[in-house]
Novice: 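Once you've had a glance at the structure underneath, I'll fire off some questions.
Since the structure is predicted, the reported quantities are computational estimates derived from the model, not experimental observations. In listed order, ligands and their atoms are each counted from 1. Values below: all heavy atoms of this structure, side chains included; hydrogens, waters and symmetry mates excluded.
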Amino acid sequence: MFQHVDAYPGDPILTLNEDFQKDPRADKINLSIGIYFDDAGRLPVMAAVREAESALLSNIGPKPYLPMVGHAGYRQAVQALLFGAQHEAVQAGRIATVQTLGGSGALKVGADFIKRYFPASQVWVSDPTWDNHRAIFEGAGLQVNTYPYYDAATKGLKFDAMLAAIAALPAQSIVLLHACCHNPTGVDLSAAQWTQLVEVVKARQLLPFLDIAYQGFGDGIDEDAFALRALADAGVSFFVANSFSKSFSLYGERVGGLSVVCPDRRQAELVLGQMMSTVRRNYSSPPTHGALLVSRVLQSPELRQRWADELTAMRQRIQLMRQRLYDGVVARIADRSPAKDVRYFIDQRGMFSYTGVSPEQADALREQHGVYVLRSGRMCAAGLNADNVDRVAAAFAAVL
Ligand SMILES: Cc1[nH+]cc(COP(=O)(O)O)c(/C=N/[C@@H](CC(=O)O)C(=O)O)c1O
């Protein structure tokens, strides 16, 4: 009956992570999947989340369906976190927000909505982008193209080429943009570059789709939302997929949101209705627990502050580990000629660095040194810690 079904080749990220789990070596190091590990190499339970969870568990109640749009307090907390509670767009009620199954669910609901209401639009994603972006939008039946983004020569941004390509797109083209902490490159636009891009997007009447999965891992919670707020200030209509997997360390609870900033409240109501319909057709309604945790933390000033402080410490730990890795590699390759520039370990931001190692070098890192990075060369800096950073530096020095 199912003989014709294709064998699944595995996912470049999730399957490699499963291979890591199966690897029997005690000194293996996981820099593959975009997960934040603490300095002991553990996946943390954040203090504010632990407190919110114990409060919930001391008051266990029935488990009714959430509405298709999700938990009301959660949706309000998402808008306040992304745009600021006092933002005109929030106050005017012109943002439609639904709770989704993580950021992945937000992208899927958004893609299905776009296929239905912008059927002639094509999608443009950065070159490179998160592996699953193309899969989700193509899976919704949309044509996916790329715009120039990463400059392999400088290991930085090809901004002029990116802007020119986007400026040439037809009106209502969907432009997928990483709001901060670009995955896989760790290369972001500056505030000045975002301002230029917003002008082009507005003038060309494009339809941006922002993915913010790492808010707080770049420069800070509000700083990392600069692009969203600049677009909303400019009166642009756009989509935002957000995720709390990393910033709340709630990966398995599948907590995300899809927001659509609209010109006015009436259009936001129309959009919300069809987002509900799209959720119903995909999975009917979202899960409760993760949304209760996040809304409890974000709606308590004391817990929100504790969460923000811990997220700041997580960001700073990654930055420290980037510096330690850079210093360790430079010390080991100082006598090389020609000198190899590895500044990308400290210039790139957020969780990821695009190291430029070839697939074969990535294989050597894994097979000979037990260091797992993606075959694309992406390294998750959040997997580094005081115990393993010198071994990772030695491994990179050996293969570079
Ligand atoms: C940019 C981006 N957007 C969305 C997601 C999905 O997150 P969710 O857990 O559905 O809220 C991820 C996850 N990225 C990491 C894990 C994965 O590939 O699923 C990663 O890049 O390793 C992203 O990196």
Novice: Would you kindly check if the NZ (Lys) or CZ (Arg) of Arg378 is within the cone defined by 45 degrees around the ring axis of Tyr354 and under 6.0 Å from the six-membered ring centre?
Specialist: no
Novice: Enumerate the atoms of ligand 1 whose separation from the nearest heavy atom of Gly34 is less than 4.0 angstrom.
Specialist: 20 (C), 22 (O)
Novice: Numbering the atoms of ligand 1 from 1, which are under 4.0 Å from a heavy atom of Arg378?
Specialist: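 By the 4.0 Å cutoff, the relevant atoms are 20 (C), 21 (O), 22 (O).
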Novice: Is it possible for you to check whether Lys158 lies under 6.0 Å from the centre of the six-membered ring of Tyr149, through NZ or CZ, and within 45° of that ring's axis?
Specialist: no
Novice: Yes or no: does Tyr214 have any heavy atom under 4.0 Å from an atom of ligand 1?
Specialist: yes
Novice: Please verify whether a non-hydrogen atom of Asp211 lies at under 4.0 Å from ligand 1.
Specialist: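 Asp211 counts as a contact of ligand 1 under the 4.0 Å cut-off.
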Novice: Taking everything shown except Gln205 itself, do over 12 heavy atoms lie less than 6.0 Å from its CD?
Specialist: no
Novice: Regarding Asp188 and His178, do their side chains bring together a donor and an acceptor under 3.5 Å, going by distance alone?
Specialist: no
Novice: If you measure every N/O of Tyr251 against every N/O of ligand 1, is any gap under 3.5 Å?
Specialist: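 N/O-N/O distance under 3.5 Å: no.
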Novice: Taking the non-hydrogen atoms of Trp130, is any one of them nearer than 4.0 angstrom to ligand 1?
Specialist: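 Trp130: in contact with ligand 1 (<4.0 Å).
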Novice: Could you check whether Arg266 pairs with Asp264 (Lys NZ or Arg NE/NH1/NH2 to Asp/Glu carboxylate O, under 4.0 Å)?
Specialist: no
Novice: Do any nitrogen or oxygen atoms of Ser243 come within less than 3.5 Å of a nitrogen or oxygen of ligand 1?
Specialist: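 Min N/O separation from ligand 1 is below 3.5 Å for Ser243.
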Novice: In terms of atom number and element, which parts of ligand 1 are under 4.0 angstrom from non-hydrogen atoms of Ile33?
Specialist: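 Under 4.0 Å from Ile33, ligand 1 has these atoms: 22 (O).
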